[in-house]
Structure formats: C-alpha cells, structure tokens
Engineer: 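I'd like to ask you about the structure that follows.
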Protein chains: 2
Amino acid sequence: MTMSNTGGRRRPPTIHDVAREAGVSRGTVSRVLNGGHYVSPAAQEAVNAAIRRTGYVVNRHARSLITGRSDSVGFLLTEPQERFFEDPNFNVLLRGCTQALAAHDVPLLLMLAGTEDERRRITRYITAGHVDGVLLVSSHSGDPVAEELREAGVPLVACGKPIGLGSKVSYVAADDRDGARDMVRHLLSLGRRRIGVVTGPLDTPGGVERLAGYREVLAEAGIAADERLVVPGDYSRASGEAGAERLLAQAPDVDAVFVASDLMAQGVLAALHRAGKRVPEDIAVGGFDDSPAATAATPTLTTIRQPWDRISNEMVRVLLAQIGGEDPAAVILPTELVKRDST
Amino acid sequence: MTMSNTGGRRRPPTIHDVAREAGVSRGTVSRVLNGGHYVSPAAQEAVNAAIRRTGYVVNRHARSLITGRSDSVGFLLTEPQERFFEDPNFNVLLRGCTQALAAHDVPLLLMLAGTEDERRRITRYITAGHVDGVLLVSSHSGDPVAEELREAGVPLVACGKPIGLGSKVSYVAADDRDGARDMVRHLLSLGRRRIGVVTGPLDTPGGVERLAGYREVLAEAGIAADERLVVPGDYSRASGEAGAERLLAQAPDVDAVFVASDLMAQGVLAALHRAGKRVPEDIAVGGFDDSPAATAATPTLTTIRQPWDRISNEMVRVLLAQIGGEDPAAVILPTELVKRDST
DNA sequence: TTCTCTACTGTGAACGCTCACAGAAGCATG
DNA sequence: CATGCTTCTGTGAGCGTTCACAGTAGAGAA
C-alpha cells in the first residue's frame, strides 16, 4: 500500500528482468546500456530485444546514486524574473536549451532565484550535486549565486559575458559590440550624421558593449562625440519613450537613433510619433534583438538579430563539455543586420 | 579520479556523518528529516545542529530509489511550442508553477514534446516514474500524450479543460464563458448592438467557451444571431487582422468587436486603423487575457483578465494533492473585466 | 510485583544500478 | 605446451537512503 496513486501503476521492469529475459547477466545489460563496449553482437541483440519486449527504462536514481552524476542540468534565473519572462529572447533561449539538452537525453530543471531565501535554497540544491551543471541567465554583475557556484566548482555556462566573475567561467554571447557597429555604420551609410543612442543598462555587458560599438564607429568616421546624443535606458519600453523625449529635448537636430533593444525602440517610435516626427524620413531608428516587437512595430524595425538558436546550442555544448571534464570556454557569435522600414 | 570536475568538489556529507556527529543512529536522523515524529526533543536538537554543522543535504537519488517517488514534477508542453513561448500568459504560468512548486521544495522539469520522437521519449520518461506528476499545457484536443499518461495513472493536471479526455483528469481553468459574457454585456451597456466576434480556435476549450458566452449574452439580450458577425481566428495577431477585414466586409455596420485574445485584438486594431475606423468611437474593441499586448496597444485595450497567478497556484495544489492520493479535481476560477480606452 | 502501553532508538535489509574484479574462451606468440 | 593478450561475461559489493522490525526505558494499571 505504499504506492496509493490513482490508476495503480505496477512495478516497472528492472535491469534484472531484462537480464533474465535476454539470458545474460546484469553486467552485460549494463554494458549495453552504457555504450555497448565489450559486448558480443549476439548479446547486444538479445539485450536490445529484451529491452523492447519488457519496455525497460533505466532508473536514473539508482544510476545517479552510484555514478555521482545526476544527468540533469539546471537552468538558473537569478534576480527579478519578470524582466526575463517578458523578454521574448529569453523564451527562445529557454526553448532552445531545453531542446538541445533533450537531444542528449538530459532533463532540464528550471530554477528561479528571486529572493534571498530562494537563492540559498537553490545554491544548496545545486552544490549538493542534484544537477551536473548550470546554465546561468543573469544579466547583472556581481551575482552572488554565480560566484558561489563557481567557487564550488559547479560546471557553469553564462549567457552573455558575466562582468563580475573572473575569466574562469564559461560564457556564450552574441557579438554585441560588432552588432552595434553594424547598425551605426548602416545609419551612417544612409547619410545620417547626428546619430543618437538609447543605451541598455550599463551594469550589463550587453549595455556596455553596444554603447562601445556606437562610440567606436562614430570615432572612426571622424564624428566628434556629443554626449547630448547619449541617453540611458534599461531595456524597458517605458525607458525607450523617456529616452526619445530626452534626446529630442537635448539634441533637436538628431536624425537617427540607435536603440539598444527592440522593446525600447518601440517606446522610441511611440514618442517620436507623438512628437510629430516621421520615421524614417525625419529620424531613422535602429533596434537590437530582432524580437517579435521588431516586426510588430510601425514602421517595422531595422534591427540586429542575435543568433539565439545558436546561442542556446552553444551553451549546452560548452556545458556538457565542461561536465565531461573540459576547461571553461568563451564563445562569441556573430550578429546580423536585418533591414526593415524604420531606416 | 572518477569525479574529474574542475574545482574538485569533495564528497558531500551523508546521513551517516550527521548521525555520528549528532551521536545518534541513521534511523533517528532519517526520522528528523521526515517530519520528526517519534524523536525526542534532545535528539531533534542534536540532529539539527549536526545538519547545520556538516552542511548536510539529503541525497534525493538515494531517497527516490527506496521511496519510489522522485519528488519532482514535469511541466509538459505538447505540440508546437512556438505558440506557447510567444504567449505572455504562458510565461506567467510557467513562472508561477515554478515558484509554487519551489515553495514545496519540488523541482520542476521542463519538457517539450513537439515531434513524434520527443513525444515517445518523454512518455517513456514520465511513465518510468521519473516525475511524480505532470502539469500539462496542451491547447488542442485529442492529445495522445495526455491520454497515455492518464491511462498509465500518472497524476496529471491540465491547464484549461481538456476536450478529448474523460472526466477523470484534473484541470484548472479560468471561467472563459463567464469572462466572455462580462465583455459582451459591457459592450451592450455601451449601447452597441452590432457586436462582432473574432473567435479563438474552436478545437480548444477556450475558443469554444468564449464564443458560447458571446452567443448566450446576445440571445439573452434578445438580439438575433447573425453569422456574418462571427469570424474565426487562431489567437495569432495575423488572424486578428484578417478577421477584422473579413468582419468589415461581411458586416460593415459592426459597432463593436469582441476578440478572443489580446494578440488578435492588436491585429484587429491595426486593421481597423488602416480601414479608417476610429476606436472606440466607430467600433469598440474588447480583448481577452490582459496580456502586456493590452496595455501596449493603441488605444489601450479593454480586456478580460485571467487570474494566471491563481491558476498556476491551483494547478500545483491540485497536482500535489493528487500525488498524495486524492482524487482528480476540476477548478474554475473567475475572470475580471479590465476597462481601458478601446471601449 | 508484573504486565501493558507509549515514546523513543538502533539495526539489517532492501531499492536498482554501476564498478571492479575474476574468470573463460579464442587466438597468436614464445 | 605454456604464456600472453584480447574480448567477452558473470558476480559481489556498495552507492545513501528509508522501511520494517526489534528492542529499551519509563509510566501507569492490574
């Protein structure tokens, strides 16, 4: 009467049952299960047939108990989750990682560490070895969880370059700087010379890099820096609206804006519309991310596509490699300029 | 040299270590861990202190091996995932479930079953007992995975009433019909009489119920049904645009539209704008969901709020109850009319 | 006193798997 | 013919926990 679940599932077959069914020993079945080395073709065949017949599925708990591995990884989100969950990129990332892991038969555990309590609980859970590694999505610097995990030697791959941590942590990132450079060069090629920027939060690598790319290209083009053209944002739509208003007030002759995220660009478009500016005739607007917001915007938004599908794949690849004993690695992937109606 | 991970974590303390440290037996430690019944206050105290000192965390694999439970649940998404991941409600749901489960110290495994292969793999994984129960998000009817899980006796809670399955499966849903009724009554109260509807997909419970609510209220108000006012949609923005165009063509005198989702309502607004119709003066528009799209729309969208935070909490509550041996249950939660500028 | 009952504690046996080892068989080499 | 090597197979031990059971001690009842 221990299992009193509705429907009363009966005891699933064990490796013993398979061994008996196949006429071999547990050891041989186990070897087949783990790559099939040192197993005769005949035994191989018999075991596979027995597995099919019995519907055997390995008990991962028993396996983990002895191997010390859990054959699962965590997808860890630190800090307030609202932001991430509203970000369409985040969804693509989560989906991509889940699928890439599924291809390796590795389940993904979703973990949210918003409060201090949750942080502690999850750190314990992870360091206790309940996952083999962690895919970390944490935008801001100085994340204490990340630091603890790194110190505990937990295989870790961050999405985007972590600012606070040492060089010993793996990460996968889009080439933010190069993407920004592409966009600003594109605006220059349209003949624009008074190019403003609404930055991302400057305590995130993305925010810093995108601004740097903007500055570099203008400098290379021999255009003097004008701080009135640089206004801060935090990736939110509202901050885009505020940014555009501020930009128009500080530099009324602005003829283009590079906005560090599509969501902010939506806000910029709304503010420009209210101010009676035509896009792209009066002011060209370039976004960043190629999120659904970019195609939903009016006019549709020229933007920088980040290769999120590749990012998730690479994160998983690097993490699994690291779990397998390889050294941490950094991967930087190229972005792509997507031209639409706003420029 | 088995664990060759970078950082070389050393063997974590076991229940043995805690027992020795506390001067008691394994059994006593285990009892403390599992509720503390039949344990003297002194032993209780000593064990807790030892746990703190050693930093002990229970090995869930060993526990699962003997209890047969996994103390984890799956969050299962069947069918093409793009739709869900683009849906902001889905995000709230996923987040809410994760948090509600975390409060019970139950990890959540995210599972995507898009292709036939994945479906098979995941069904095996689940029926093998690797999760204690499943939170199911599957909009369409006749989901083979759901059916298999139900037959296998896996505790299951669906989000929204599953059409195909028998009454033996738990679900939690917003009161779609009542929400639709509220919205249509609201439109009637504004003096509108030629009220159109863009439906959701009619193989989903939400689509069916919302349309039913619309029909009921009109009938109750003594307004004859006019099928030219009913156009199909599939919850996508594009289908909203198409629906509005069709509606204007079929029934040019339409003075209000109840749209079965905010995303579609965005499309409706865009199409009406193009057609030169003013909202709400010429045509009032009501959405459904109260998603971010509702506040982002111009004009901001009057809509029906679904209690997603409560839905996720209830799903988790019902699932855990069912895992604990209780019978399946259906929970229907009330919606709320949110008035904004589009009506 | 003696018995019973309750509250508490310790111990061996599992759970299902992998790992290390021992051995068997086949084949070439000394 | 012994020896070594390779390939393959079976067996015992043990991973860390819970569970069932057997016990102990103390209190109260007969």
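Proteins get letters first, then strands, A, B, ... in listed order; numbering begins at 1 in each. From a predicted model like this one, the values you see are computed outputs, not experimental measurements.
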Engineer: Rounded to the nearest Å, what distance is computed from the NE2 atom of residue B:H37 to the C1' atom of nucleotide D:dT18?
Structural biologist: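 The distance from NE2 of B:H37 to C1' of D:dT18 comes to 15 Å, rounded to the nearest Å.
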Engineer: Begin from the C-alpha positions of B:R60 and B:D105 and carry the test side-chain contact (heavy atoms from CB on, under 4.5 Å) through to its verdict.
Structural biologist: CA-CA 11 Å; B:R60 297 171 97 112; B:D105 210 38; 3.6 Å; yes
Engineer: Closest nucleotide of DNA chain C for B:A62 versus for B:V24: which of these residues is on the 5' side?
Structural biologist: B:V24
Engineer: Judged by each residue's nearest nucleotide on DNA chain C, which is more toward the 5′ side, A:S30 or B:V39?
Structural biologist: B:V39
Engineer: Could you pick out which residue, B:R31 or B:V57, lies toward the 5' side of DNA chain D when each is mapped onto its nearest nucleotide?
Structural biologist: B:V57
Engineer: Should A:E147 and A:R150 count as an ion pair when the cut-off is N to O under 4.0 Å?
Structural biologist: yes
Engineer: Which heavy atom of B:T54 sits nearest a heavy atom of B:P13, and at what distance?
Structural biologist: O-CG, 3.4 Å
Engineer: Taking only the side-chain nitrogens and oxygens of A:S25, find out if one of them lies under 4.0 Å from OP1 or OP2 of D:dG10.
Structural biologist: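 A:S25 to D:dG10 OP1/OP2: side-chain N or O found under 4.0 Å.
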Engineer: From CD1 of A:I15 over to P of D:dC15, roughly how many Å is that when rounded to an integer?
Structural biologist: 19 Å
Engineer: Of all the choices, D:dT18, C:dG16, C:dC17, which nucleotide is nearest to the side chain of B:L65 once you look at every atom?
Structural biologist: C:dG16
Engineer: Can you check the B:R63 CZ to D:dC15 P distance for me, whole Å?
Structural biologist: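 Rounded to the whole Å, the gap is 19 Å.
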Engineer: What is the separation between atom CZ on B:R20 and atom C1' on C:dG10, rounded to the nearest whole Å?
Structural biologist: 16 Å
Engineer: Does any donor-acceptor pair link the side chain of B:R60 with the base of D:dG16 at a separation under 3.5 Å?
Structural biologist: no
Engineer: For A:Y38 and A:R26, take the nucleotide of DNA chain D holding the closest heavy atom to each; which residue's nucleotide lies nearer the 5' end?
Structural biologist: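 Per heavy-atom nearest nucleotide, the more 5' residue is A:Y38.
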Engineer: So, OP1 or OP2 of D:dT18: does either fall under 4.0 Å of a side-chain N or O from B:N34?
Structural biologist: yes
Engineer: Please tell me if A:T28 has a side-chain N or O lying less than 4.0 Å from either OP1 or OP2 of D:dG10.
Structural biologist: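 Affirmative; the distance criterion is met.
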Engineer: Tell me: CG of B:N59 to P of D:dC15, nearest whole Å?
Structural biologist: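 Spelled out: CG on B:N59 to P on D:dC15 is 12 Å.
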Engineer: Just how far, in rounded Å, is C1' of D:dG16 from CG of B:L33?
Structural biologist: 12 Å
Engineer: Between D:dT17 atom C1' and B:I51 atom CD1, what is the distance in whole Å?
Structural biologist: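 Taking atom C1' of D:dT17 as the reference, CD1 of B:I51 is at 13 Å.
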Engineer: Could you tell me which non-hydrogen atom of A:G133 sits nearest to which non-hydrogen atom of A:V154, and how far apart they are?
Structural biologist: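 That closest heavy-atom pairing would be CA-CG1, 4.3 Å.
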Engineer: It should be established whether B:S40 places a side-chain nitrogen or oxygen under 4.0 Å from OP1 or OP2 of nucleotide C:dT9.
Structural biologist: yes
Engineer: Roughly, in whole Å, what's the span from CD1 in B:I66 to P in C:dC17?
Structural biologist: 15 Å
Engineer: Please answer whether the main-chain N or O of B:V106 pairs with a side-chain N or O of B:D71 as donor and acceptor at a distance below 3.5 Å.
Structural biologist: no
